[in-house]
Amino acid sequence: MGQTLFDKIWDAHVVSSNEGFPDILYIDTHFIHEVTSPQAFDGLRARGLPVFRPQQTVATADHNVPTWDQHLPIKEELSRYQVDMLTKNCAEFGIELYGLGHPFQGIVHVIGPELGITRPGGTYVCGDSHTSTHGAFGAIAFGIGTSQVEQVMATQCLLQSRPKRMKIEVNGNLQKGVGAKDIILYIISQISAAGGTGYAVEYAGDTIRALSMEGRMTICNMSIEMGARCGLIAPDETTINYVKGREFAPKGEEWDKAVAYWQTLYSDEDAEFDSVLSFKAEDIEPMITYGTNPGMGIGVTQHVPETASFEQKEQGSYKKALDYMGLHDDQQLLGKPIDYVFIGSCTNSRIEDLREVAQFVKGKHKADNVTVWVVPGSKQVQEQAIREGLDKIFDAAGFPLREPGCSACLGMNEDKIPAGKYCVSTSNRNFEGRQGPNSRTFLASPLTAAASAITGVVTDIREFLSEEVV
Amino acid sequence: MSTKIFKHIQTSVVPLPIENIDTDQIIPARFLKATTREGFGNNLFRDWRFDNDGNPKQDFVLNEPKYSGKILVAGKNFGCGSSREHAAWAIADYGFDAVVSSFFADIFKGNALNNGLLPVQVSDDFLKRIFEVVDADPHAEVEIDLVDQFIKIVKTGEQESFEVNPYKKACMTNGYDDIDYILSKKELILQFETP
Ligand code: SF4
């Protein structure tokens, strides 16, 4: 019987497999950031252990960093302390750090791929749930807790049971104005925020194949929002072309060898999945979430569900979510005034996202009632955007281009959405307080976010597209 | 290094019948700045537990004097979202030894097990029964036995068995540690690395 892509990569990384024990899985690269690593370094010190493979460990500072005036010291004391701690720990344990001011600094899931560190067939972990992003290259990549960060630091291995395998196919042509973010928000809305729990999800089908690497990363990034262990997409020409020539990508003969191997990485025709789901691209509208988990999403023209449509035992949680969001049964979000628009996060802060938004807002201006933040995913994205003149377009539109970091994705740094305010956000989580205490998040694609910034209300991007060609 | 040992407990419980409780609720991001593992319990469920001025919200379970105990019982898909282990630390630091739900998010489950906090997955019906019994009698006790893998509502005698990875069970009941185990196979790691 054939093998799935996931199993091929997993098997190639098993160091030891014993009945009754989880497998010991070898990790090619361990990404770390300032929030989930300090306790792991302390653990190593307590054990008197070094980092086993410092050269296979890559560090950056992203969660706590300000996205304005980054050259100044971080104002918030605890944030500054955490970032300083990472600097000290990396120096002590011999780990390369792409910290503030470094040309490679950025959100950990943006820099791995753009530096050519993330490659097909590899295994990647990070103390961060959106590590699933890296799976877009046809790799196994998932988030781990801090005890496991310590484990990988100490051994370059992770104790892990093999998850079940799920295939999600999307076939057909997307409507105009519908992109990768809408696809994944749609899938999660269909299978719920827990629908993928326990699975490694392979995305397949011609709609997925037609996506750019950036789009594929957006999809894999949000795999965790349906509870999946990881998401992955078989590598192809698009993948290979993306990796080629990047800073740390293999070169010369090494490159040819690597490509030959990558071409063997696909699920065999007769590979068996524990679950297979299919969706039609034509069914997907521009999506928006109305609730407090990413599964609570609807097409932008649809209405918020009625409480009565849920099972009795779910109604309490549902009502709580609507109350928090200040919404009611059967409400339409279209036309609802908003206060903030956040374009950024490891889901949608790559150069392609910024290009798409810039192209759309060129010659337009944001509505007066809206504050807009455009936050590049990395220093390299920021510089590329400036080279292409996107910053000028953004400025003219009232969309200032900020500096790289997680920013308003998580309310941990200076960029927070104030209590009670509505933000159309291209990030990945709409949990209560995620963007700041009592903030209210509508998750959407970069185009939907940009269109809503222009009109000042939740907007169907397709209304713009009927007038012009984007 | 050894970790906390867990074999058996019997205590009253704290009911939190909300579904999809994500780790941002368990411990909001702005409290993740500490660089040690201690003290997170003070901010457990921070924004549900305290108002903006830091005053306890009287209607939240942790602030209701009638509820206490070492077992947290919550709605399905508990611990979804961020991989922050701080969530498990906060729950354990607050004083819980076990969390009962009808479904756990993967990463949370692993994090809990790595910190001597036992996640006990029960059926929807059993979960409902616990909520009902505790609603009628806030002091009703629940017994959890990891060795024999069962959970029991003491008052009614209703009982269910639960699953736990045998390796993780051995770790928790003996205080074994993953890193010691992997390092015992160091030869194999070095072999794997040799082309
Ligand atoms: S951008 Fe948001 S989701 Fe991504 S790594 Fe940063 S905080 Fe996490």
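Predicted, not measured: the structure shown is a model, and the values here were computed from it. Proteins get letters first, then strands, A, B, ... in listed order; numbering begins at 1 in each.
Using a 4.5 Å heavy-atom threshold, the side chains of B/Ile189 and A/Thr155 count as touching. In this structure, A/Arg229 and B/Ile107 have side chains that are in contact, with non-hydrogen atoms separated by less than 4.5 Å. When side chains are defined from C-beta on, B/Asp177 counts as touching A/Arg47, because their heavy atoms get closer than 4.5 Å. Between A/Met296 and B/Asn20, the closest side-chain pair of non-hydrogen atoms is not below 4.5 Å. A heavy-atom distance below 4.5 Å is found between the side chains of A/Arg429 and B/Ser82. At least one side-chain heavy atom of B/His86 sits under 4.5 Å from a side-chain heavy atom of A/Thr36. No side-chain heavy atom of B/Asn77 sits under 4.5 Å from any side-chain heavy atom of A/Asn293. In this structure, B/Lys185 and A/Val15 have side chains that are not in contact, with every pair of non-hydrogen atoms separated by 4.5 Å or more.
Residues passing the side-chain contact (heavy atoms from CB on, under 4.5 Å) test with A/Cys230, sequence neighbours excluded: A/Phe6, A/Phe142, A/Ala200.
Between the side chain of A/Glu432 and the backbone N or O of B/Gln25, no donor-acceptor pair lies under 3.5 Å. At least one donor-acceptor pair closer than 3.5 Å links the side chain of A/Gln39 to the backbone N or O of B/Ala34.
Among B/Pro17, B/Gly81, B/Ala105, B/Pro166, the residue with the largest count of heavy-atom pairs under 4.5 Å with chain A is B/Gly81. Most heavy-atom pairs under 4.5 Å with chain A, from the set B/Ile21, B/Thr36, B/Asp124, B/Thr23: that is B/Thr36. Considering only heavy-atom pairs separated by less than 4.5 Å from chain A, the leading option among B/Leu183, B/Leu188, B/Asn165, B/Asp106 is B/Asp106. Per-residue counts of heavy-atom pairs under 4.5 Å with chain B were compared for A/His63, A/His130, A/Gln156, A/Lys313; the largest is that of A/Lys313.
Looking at A/Glu311 and B/Lys76, no side-chain N of the basic residue comes within less than 4.0 Å of a carboxylate O on the acidic one, giving no salt bridge.
No more than 12 heavy atoms of other residues, nucleotides or ligands sit less than 6.0 Å from atom NZ of B/Lys128.
Nearest heavy atom pair, residue B/Asn115 against residue A/Ser147, reads ND2-OG, 4.0 Å. Listed here is the closest heavy atom pair of B/Lys33 and A/Met412: NZ-O, 2.7 Å. Closest non-hydrogen pair, A/Gly145 versus B/Asn111, comes out as CA-OD1, 3.1 Å.
Applying the salt bridge (Lys or Arg N to Asp or Glu O under 4.0 Å) rule to pairs touching residues 15-24 of chain B yields A/Arg434-B/Asp24, B/Asp24-B/Arg84, sequence neighbours excluded. Pairs passing the ring-ring contact (aromatic ring centres under 6.0 Å, His included) check and including a residue from residues 122-161 of chain B, sequence neighbours excluded, do not occur.
When the heavy atoms of residues 78-88 of chain A are compared with those of chain B, the residues falling under 4.5 Å are A/Leu78, A/Ser79, A/Tyr81, A/Gln82, A/Met85, listed by number.
The distance from atom OH of B/Tyr181 to atom SG of A/Cys157, rounded to the nearest 0.5 Å, is 11.0 Å.
Aromatic ring pairs are classed by plane angle as parallel below 30°, tilted from 30° to 60° and perpendicular above 60°; the pair A/Phe21 and B/Tyr167 is tilted.
For a residue to count as touching a neighbouring chain, one of its non-hydrogen atoms must lie under 4.5 Å from one of that chain's; by this rule A/Ser161 touches chain B with the side chain only.
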